[in-house]
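Accompanying notes for the structure given below.
A, B, ... follow the sequence lines: proteins, then strands. Residue 1 opens every chain. These numbers were taken from a predicted model, which means no experiment stands behind them.
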Amino acid sequence: MMQRIYLVIALFSLTMLFACQQEPQQKSKTTTDNTTPTVVVVNYPLEFIVESLVGPDVKVLNPVPADADPETWFPDDAMLLKIQQADLIITNGADFADWVKKLSLPRSKVLRTSLSLKDALITVPDFDVHTHGAGGAHSHAGTVAFFWLDPDLMTRQADAIAKKLILLLPQEKAKITANLKKLQGSLLLLSQKLDQLRTNYPGLHWFSQRPVYQYLARRINGTVHHLHWEKNTAPNESTWSKLNTMQEQQKIALMFWEQRPEEKVVKELQQRGVASFVLDPLTVKPAQGDYLTEMQRQLNQLEAFLKQHTSSSKPAEK
Amino acid sequence: MNGILRLTFRYLAYNKLKTITLILCVSLALLLPVLLQFGVVQFEQDLLARARSTPLIAGAKGSRFDLALQSMYFSRAELEPTTMQEVESIQETGYALPIPLALRFTAQGAPLVGTTLDYFEFRKLEIEKGTSLRRLGDCVIGASLAEKIQLKPGDRLMSDPLNVFDLSGNYPLKMRVVGVLGKSGSPDDDAVFVDLKTEWVISGIGHGHQSINAATDKDLVLKQEDQRTIANAAVPQFNEVTEDNLASFHFHGQSETFPISSIILVPADEKSEVLLLGMYDAENSVLQLIRPTEIVNELLELVFRVKQLFDMNTLLVSVSVGLLLALIFLLSLRLRKRERQTMFQLGSSRSTIWKLQLTEIAFILGTSLIIVFGIAVVFRIYAYQIMRFLFIE
């Protein structure tokens with residue numbers, strides 16, 4: 001009898017012992033001790049701003065390969081991990097860079113520079129023409145993303161980035177502030193060049209393939225008519241016919257291209273009285289020089305180009 | 001003394017039914033108040049721990065309790081949605097880190113939480129297996145849920161449709177399980193986490209579909225305009241995000257207008273917290289800002305009031321059980337009068353006979369206490385799961 005009682009007590013104790021498992025503990029988060037902070041940027045103009053502000057004090061990571069389009073490029077898993085672990089991710093906003101919209105990023109580390117330009121953003125009503133269902137085509141308004149083509153807006157972007165960098169590197173405040181002033185001074189030169197173009201060539205009209213040059217146009221008091229031409233796709237019969245109709249009404253003599261178009265397209269445009277000019281928006285790092293030198297060079301070229309075509313760059317008065 | 005014990009056990013073993021009945025009666029009478037006390041303490045600890053780790057919650061004006069409980073415990077509630085614009089506004093103030101939560105959907109019955117990577121850092125959740133969220137269509141699941149539905153990184157998990165009879169409603173999304181969280185002993189163990197953007201794809205704000213070749217997909221083309229091909233409604237939408245179709249996914253509208261259920265706010269400091277509370281304490285404010293600890297304390301006050309009623313009831317039941325037991329023992333003594341006389345005649349002293357009786361009572365009470373203690377220990381250990389099972393699930 002006693003043995004049975006001892007057996008019951010022993011079994012009960014064992015049950016208790018197994019039941020007494022440890023409460024799950026939250027593992028303490030291991031922090032990585034990284035001395036040089038990493039700042040990720042989504043395009044070259046932002047890379048240029050960060051490098052101008054902090055130099056080697058931060059590791060600037062522009063993950064987009066030189067031969068890729070920063071608007072449509074996607075990182076692989078290894079690169080995404082690097083991006084997610086960065087100390088600061090500076091995005092352009094206005095839906096520039098597809099990967100920002102489709103990948104998971106730590107929101108607290110993301111600086112959307114377009115937020116500092118809210119009052120200056122240009123929204124195009126027919127930014128994207130798109131159809132679902134039987135309702136026919138409809139257009140979506142969209143914000144033009146190429147802010148840096150207006151040096152004043154780029155200055156404001158730089159200002160917002162500088163504030164965030166100071167929070168990241170408080171010990172570098174004086175240096176960042178000094179560099180910001182220097183950058184503002186350099187951008188002022190570009191701004192003055194644009195002022196000159198505005199004075200010399202007021203009311204300039206030009207075509208573009210897609211909404212890119214709106215900020216530049218506003219800065220020099222010009223007007224852009226985007227044609228909804230697909231990037232890297234040759235215009236077809238219908239496209240040319242539509243352009244013919246537009247030209248009959250407007251007589252616009254200029255078209256800006258982001259990259260050099262095919263000779264055949266240039267000739268077709270010339271036949272319709274449209275001269276082509278390549279103005280690279282510098283979303284990727286130029287082969288030579290930097291943002292400032294390359295933009296200055298392009299604006300000088302534009303000035304020379306306009307000198308040749310001034311008479312025909314305004315639309316015909318009706 | 002050994003003789004007394006032996007005789008007592010022999011007697012109790014011979015009268016099994018009576019012994020077991022008495023032990024059960026005493027155990028049950030003691031168990032109710034003990035378990036209630038543990039339950040209330042656990043309930044209080046759970047609620048307060050989660051509330052203390054959640055500084056502020058913002059959401060559309062409505063039930064404060066629903067807002068707090070859904071944002072902290074992912075319990076089902078029909079919260080009025082707010083928009084990402086509110087998240088932007090809070091972020092712009094610089095007073096707090098806003099962590100948006102979208103809590104409208106479920107996956108295999110488990111709450112599906114649309115949020116950002118900041119949530120995992122805020123709750124100190126570690127990925128035990130696999131990786132964190134990477135892209136649209138990825139999900140990370142809580143440890144208990146992974147165990148329950150037997151999923152691991154690399155598997156697929158379908159979201160549940162809001163209404164199975166609404167054919168025009170949102171389509172379920174086949175999500176890629178990329179990670180399993182470590183156990184945290186919190187409601188996060190039973191949830192599915194996705195990026196906010198994935199939640200918007202599930203709700204139909206974003207979608208992906210095949211690109212149309214006007215020459216080969218004539219059945220899908222509505223019309224051809226310049227370089228654009230306009231597709232008709234027959235174009236099938238992707239129900240899974242893959243590396244190949246990721247680029248085709250897009251959202252309609254401005255992200256600032258997209259819906260979320262609530263926002264967890266992590267204030268920069270105490271001053272910022274007060275400023276935020278002041279900012280939203282206005283009649284015309286579209287948001288309400290709540291301190292979860294205050295809401296939980298209000299809930300606990302209610303619980304304590306109910307507990308007082310239970311305590312009163314327990315007291316009365318205990319008194320009646322005590323009287324009943326006393327009666328049973330007295331009647332038992334009367335029934336065993338001849339037995340005592342026999343023992344006396346055999347030479348047992350009166351004190352030995354009384355010791356025998358008292359040992360029996362002590363054994364019954366002692367066994368009952370051990371049982372109550374054992375059950376209480378088990379309850380204490382599994383209190384979290386039991387409380388969740390009873391009150392949350």
Side-chain angles (χ1 to χ4, degrees), chain A residues 1-2 4-5 9 12-13 15-16 19-21 23-30 72 74-75 77 80-81 84 95 98-99 101-110 112 115 118 123 128-137 140-143 227-230 233-236 238-239 241-242, chain B residues 5-6 9-10 13 87-88 91-92 97-100 116-118 121 124-126 131-136 138 143 182-185 189 195-198 207 209 222-228 230-233 235 241 243 246-247 249-255 266 370 374 377-378 381-382 384:
Chain A
M1 180 65 197
M2 289 303 283
R4 276 191 201 168
I5 292 164
I9 292 168
F12 182 76
S13 309
T15 315
M16 291 296 104
C20 290
Q21 60 181 40
E23 282 277 322
Q25 296 284 316
Q26 285 183 344
K27 288 176 195 169
S28 61
K29 197 179 180 329
T30 50
T72 54
F74 270 91
D77 285 349
L80 175 62
L81 195 65
Q84 285 180 334
D95 288 344
D98 221 14
W99 63 269
K101 292 182 279 176
K102 292 170 186 173
L103 301 181
S104 299
L105 299 174
R107 201 184 149 78
S108 58
K109 292 179 184 171
V110 176
R112 193 142 57 100
L115 289 177
K118 270 184 178 174
T123 302
D128 179 29
V129 182
H130 189 100
T131 289
H132 296 288
H140 290 293
T143 306
L227 297 169
H228 295 293
W229 285 6
E230 294 285 327
T233 309
N236 56 24
S238 149
T239 316
S241 137
K242 202 171 175 184
Chain B
L5 270 178
R6 183 168 296 144
F9 289 143
R10 290 278 181 201
V87 179
E88 300 286 359
Q91 185 140 24
E92 273 176 49
L97 165 70
I99 302 173
T116 66
L117 293 181
D118 297 321
E121 204 173 327
K124 298 184 174 63
L125 299 173
E126 297 279 327
T131 65
S132 190
L133 299 172
R134 292 184 203 154
R135 58 156 170 81
L136 277 183
D138 283 354
K183 235 183 171 67
S184 64
D189 289 345
D195 193 285
L196 209 50
K197 292 174 282 230
T198 302
H207 61 193
H209 47 74
L222 191 68
K223 60 177 170 176
Q224 181 78 27
E225 236 177 43
D226 302 337
Q227 293 180 329
R228 285 194 312 278
I230 297 165
N232 61 32
V235 178
V241 186
E243 299 298 337
L246 177 62
F249 274 82
H250 55 274
F251 295 92
H252 288 253
Q254 297 291 312
S255 62
V266 189
I370 290 170
V377 169
V378 174
I381 291 162
Y382 295 109
Y384 169 72

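- A side-chain donor-acceptor contact under 3.5 Å links A/Q84 to the backbone of B/L133.
- To the nearest 0.5 Å, atoms CG (A/D77) and CZ (B/R134) are separated by 4.0 Å.
- Not counting sequence neighbours, the partners of A/K101 by the side chain to side chain contact (heavy atoms under 4.5 Å, CB included) test are A/D95, A/D98.
- Within the 3.5 Å criterion, the main-chain N or O of B/R135 finds no donor-acceptor partner in the side chain of A/K102.
- Contact check for A/R112 versus B/Q91: no side-chain heavy atoms found under the 4.5 Å cut-off.
- If you measure heavy-atom distances from A/L81 to chain B, you find no contacts under 4.5 Å at all.
- Minimum heavy-atom separation, B/K197 to A/L103: NZ-O, 2.8 Å.
- Both the backbone and the side chain of B/V87 come within contact range of chain A, each with at least one heavy atom under 4.5 Å from a heavy atom of that chain.
- Between chain A and the options B/T131, B/L246, B/L196, heavy-atom pairs under 4.5 Å are most frequent for B/L246.
- Between the CG atom of A/L105 and the OG1 atom of B/T116 there is a distance of 10.0 Å, given to the nearest 0.5 Å.
- The CG atom of B/L117 sits 8.5 Å away from the OG atom of A/S108 when rounded to the nearest 0.5 Å.
- Annotation: salt bridge (Lys or Arg N to Asp or Glu O under 4.0 Å) contacts of A/R107 (sequence neighbours excluded): B/E88.
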